[in-house]
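Comments concern the structure below.
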Amino acid sequence: MITFDGVTKRYPDGTVAVDELSLEAPTGEITVLVGPSGCGKTTSLRMINRMIDPSAGRILLDGADVTTVDPPTLRRGIGYVIQQAGLFPHRKIVDNVATVPYLLGWDRKKARSRAMDLLELVGLDPGLAGRYPFQLSGGQQQRVGVARALAADPPVLLMDEPFSAVDPIVRASLQDELLRLQAELNKTIVFVTHDIDEAVKLGDRVAVLRVGGRLAQLAAPAELLAE
Ligand code: ADP
Ligand code: ADP
């Protein structure tokens, strides 16, 4: 479980990106942060894995303040997926997914076999494992990005607009796939999007943010629809 407890982020130039945000992202649920560009969604995610730290307030991961954990240790338990997949262009798909197992010192064979299992899990044709990222479609690359984020079996998955750059039909199938995966894996997922329909489809709970970084509403998707 992730807890935001009165979290504020003020950048050095004075911009308040997140303003006294308090919310909980329970284990086994998808918590969606939704709102227009600039409302502090990415800033909120980056504070969870300590790419940046809050100016005030605390973020707790299973009760422990994340700023008391050194970033490499913290990030071992947190998978991160971004909009443009962020794959290493000069590495084959299988090696992209095996990056973290290699770093953890697994032997090559075991790491690659783990990678192949993950590619299957995210629904990517295993025949693509030997290709390079530029040889895959955007949707396929996103699947690889998800597989790579899951490689060390982290309890937490942070997803920053992961499906925004793909066309609507592929997006819908990636969303369905994520729901299926989550039913199987039971992660703590924080999912960022500017698309309210996506938020309602994926979220067990939805936090609506306003520009200025304030929480406007925290609700179950059905309650949001009722508004
Ligand atoms: P979102 O992900 O919702 O689009 P961001 O978290 O990226 O929002 O940004 C929130 C606000 O903080 C915006 O006003 C943005 O311009 C500002 N911001 C983001 N990063 C920085 C930075 N490094 N320095 C100053 N302001 C920033
Ligand atoms: P293989 O037997 O699969 O070629 P290698 O150890 O030669 O094993 O390379 C493993 C993978 O690492 C390759 O598939 C390639 O994509 C990637 N790779 C090799 N060299 C580099 C490099 N200099 N920079 C980035 N990736 C590399």
Side-chain angles (χ1 to χ4, degrees), residues 2-25 29-61 65-67 69 71-72 74-75 78-87 138-139 141-142 145-146 148-149 154 156-168 171 174-175 178 187-221 223-225 227:
I2 297 167
T3 308
F4 279 69
D5 176 16
V7 174
T8 293
K9 176 63 189 181
R10 181 189 300 273
Y11 283 109
D13 69 358
T15 305
V16 176
V18 175
D19 193 4
E20 294 192 12
L21 180 62
S22 292
L23 60 84
E24 286 177 352
E29 292 194 5
I30 300 180
T31 301
V32 176
L33 308 182
V34 67
S37 178
C39 70
K41 304 183 295 296
T42 296
T43 298
S44 298
L45 273 197
R46 288 184 173 165
M47 288 190 286
I48 297 171
N49 70 357
R50 299 204 62 198
M51 286 154 81
I52 48 179
D53 284 333
S55 315
R58 299 179 310 162
I59 296 175
L60 309 176
L61 179 55
D65 187 331
V66 293
T67 62
V69 185
L74 183 71
R75 288 173 198 161
I78 301 179
Y80 199 62
V81 186
I82 58 173
Q83 186 171 331
Q84 303 286 358
L87 303 179
Q141 290 189 34
Q142 288 308 120
V146 174
R148 187 174 63 178
V156 174
L157 202 52
L158 307 180
M159 309 187 81
D160 194 349
E161 305 252 6
F163 309 145
S164 297
V166 296
D167 70 71
R171 187 182 315 143
L174 288 168
Q175 290 165 344
L178 179 66
K187 304 286 182 191
T188 304
I189 298 182
V190 183
F191 189 104
V192 160
T193 181
H194 60 263
D195 175 354
I196 190 73
D197 293 329
E198 180 165 67
V200 168
K201 176 171 175 181
L202 295 179
D204 293 294
R205 59 180 66 201
V206 178
V208 183
L209 300 175
R210 293 273 174 261
V211 174
R214 291 195 80 93
L215 183 64
Q217 197 185 359
L218 182 60
E223 298 168 37
L224 278 181
L225 283 177
E227 298 258 317

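Atoms within a ligand are numbered from 1 in the order they appear, just like the ligands themselves.
- Using modelled atom types and a 3.5 Å distance limit, the side chains of T43 and Y11 yield a donor-acceptor pair.
- Inspection of the D5 and T3 side chains reveals no N or O donor paired with an N or O acceptor under 3.5 Å.
- In this structure a side-chain-to-backbone donor-acceptor pair under 3.5 Å is present from Q142 to P162.
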List ligand 1's nitrogen or oxygen atoms that come under 3.5 Å of a protein nitrogen or oxygen, with the partner atom and distance.
unit_1	atom_1	unit_2	atom_2	d
ligand 1	2 (O)	T42	N	2.8
ligand 1	2 (O)	T42	OG1	2.9
ligand 1	3 (O)	G38	N	3.4
ligand 1	3 (O)	C39	N	3.1
ligand 1	3 (O)	G40	N	3.1
ligand 1	3 (O)	K41	N	3.0
ligand 1	3 (O)	K41	NZ	2.9
ligand 1	4 (O)	G38	N	2.7
ligand 1	6 (O)	T43	N	2.9
ligand 1	6 (O)	T43	OG1	2.5
ligand 1	8 (O)	G40	N	3.1

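- In this structure a side-chain-to-backbone donor-acceptor pair under 3.5 Å is missing from K9 to D19.
- No side-chain donor from either of T193 and D195 sits under 3.5 Å from a side-chain acceptor of the other.
- For the salt bridge (Lys or Arg N to Asp or Glu O under 4.0 Å) criterion with R205, the lone passing option out of E24, E29, E223 is E29.
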